[in-house]
Asker: 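My questions will all concern the structure given below.
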Amino acid sequence: MTGLAFDYPWMTYMSELGANLRAARLATGLTQEDVAVRARISLFTYQKLEKGESNPGTPANPRLQTLLALSAVLEVSIQDLVPDLDRIREGEPGPSDV
């Protein structure tokens, strides 16, 4: 296992990324299919990203290119999609927790 897995809770991070994607998508009024088509990824891939997983119990690991495409489609900065790593490491609640 890589050192990355020991540095922070990856499942928590990816779960929050998924929640951020969903919130941004709902704010734009787009469907999951709309986002996937516009970002040029499969609907299945987008659905898994919103769930924060690639396989059941396995956190997603999206490419930077995918994250950039999604931020453009959803008209938000990539910083709005990607969770705050320091906050997660310290166990502080995220925006969806308050």
Asker: Taking Leu17's backbone N and O only, do any of them form a donor-acceptor pair with Asn20's side chain (distance below 3.5 Å, no angle check)?
Answerer: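 Looks like no, no N/O pair under 3.5 Å.
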Asker: What is the minimum heavy-atom distance between Ala39 and Ala69, and which atoms define it?
Answerer: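 Shortest heavy-atom contact: O-CB, 3.9 Å.
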Asker: Does any non-hydrogen side-chain atom of Gln79 lie less than 4.5 Å from one of Ser71?
Answerer: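 When only atoms from C-beta onward are counted, Gln79 and Ser71 do not touch, as no gap falls below 4.5 Å.
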Asker: Distance from Ile41 atom CD1 to Gln47 atom CD, nearest 0.5 Å?
Answerer: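 So the CD1 of Ile41 and the CD of Gln47 are separated by 10.0 Å.
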Asker: Is there a chain of hydrophobic side chains (I, L, V, M, F, W, Y, each step under 4.5 Å between heavy atoms) that links Leu67 to Leu74?
Answerer: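 Cluster IDs for Leu67 and Leu74 match.
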Asker: Show the nearest heavy-atom pair for residues Lys48 and Ser54, with the distance to one decimal.
Answerer: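 So the two residues come closest at CE-O, 3.3 Å.
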Asker: Treating Arg25 as the side-chain partner and Leu30 as the backbone partner, does any N or O pair qualify as donor plus acceptor under 3.5 Å?
Answerer: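 Side chain of Arg25 to backbone of Leu30: a pair is present.
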Asker: So, do Leu49 and Leu70 sit near enough that their side-chain heavy atoms are less than 4.5 Å apart?
Answerer: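 Leu49 vs Leu70: side chains touch.
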Asker: In the single-linkage hydrophobic clustering (I, L, V, M, F, W, Y; side-chain heavy atoms under 4.5 Å), do Leu21 and Val37 co-cluster?
Answerer: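 Different hydrophobic clusters.
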Asker: With sequence neighbours left out, what residues match Asn61 under side-chain hydrogen bond (donor to acceptor under 3.5 Å, both in side chains)?
Answerer: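 Expected list: none.
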Asker: Got a sec, which residues hit side-chain hydrogen bond (donor to acceptor under 3.5 Å, both in side chains) with Glu75, two or more places apart in sequence or on another chain?
Answerer: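 Once residues adjacent in sequence are excluded, Glu75 has no partner under the side-chain hydrogen bond (donor to acceptor under 3.5 Å, both in side chains) criterion.
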Asker: To the closest 0.5 Å, what do you measure between CZ (Arg22) and CD (Gln32)?
Answerer: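 These two atoms lie 7.5 Å from each other.
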Asker: May I ask you to decide if Thr58's main-chain N or O and Trp10's side chain share a donor-acceptor pair within less than 3.5 Å?
Answerer: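 Answer holds: no.
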Asker: So do Ser15 and Thr12 actually touch side chain to side chain, heavy atoms under 4.5 Å?
Answerer: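 Heavy-atom side-chain distance check fails, nothing below 4.5 Å.
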Asker: As an exercise, state the distance from CD of Glu33 to CZ of Arg38, rounded to the nearest 0.5 Å.
Answerer: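 Rounded to the nearest 0.5 Å, the CD-CZ separation comes to 11.0 Å.
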Asker: Please list, chain by chain and in numerical order, all residues satisfying side-chain contact (heavy atoms from CB on, under 4.5 Å) with Leu68, sequence neighbours excluded.
Answerer: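 Applying side-chain contact (heavy atoms from CB on, under 4.5 Å) to Leu68 gives Leu64, Ile78.
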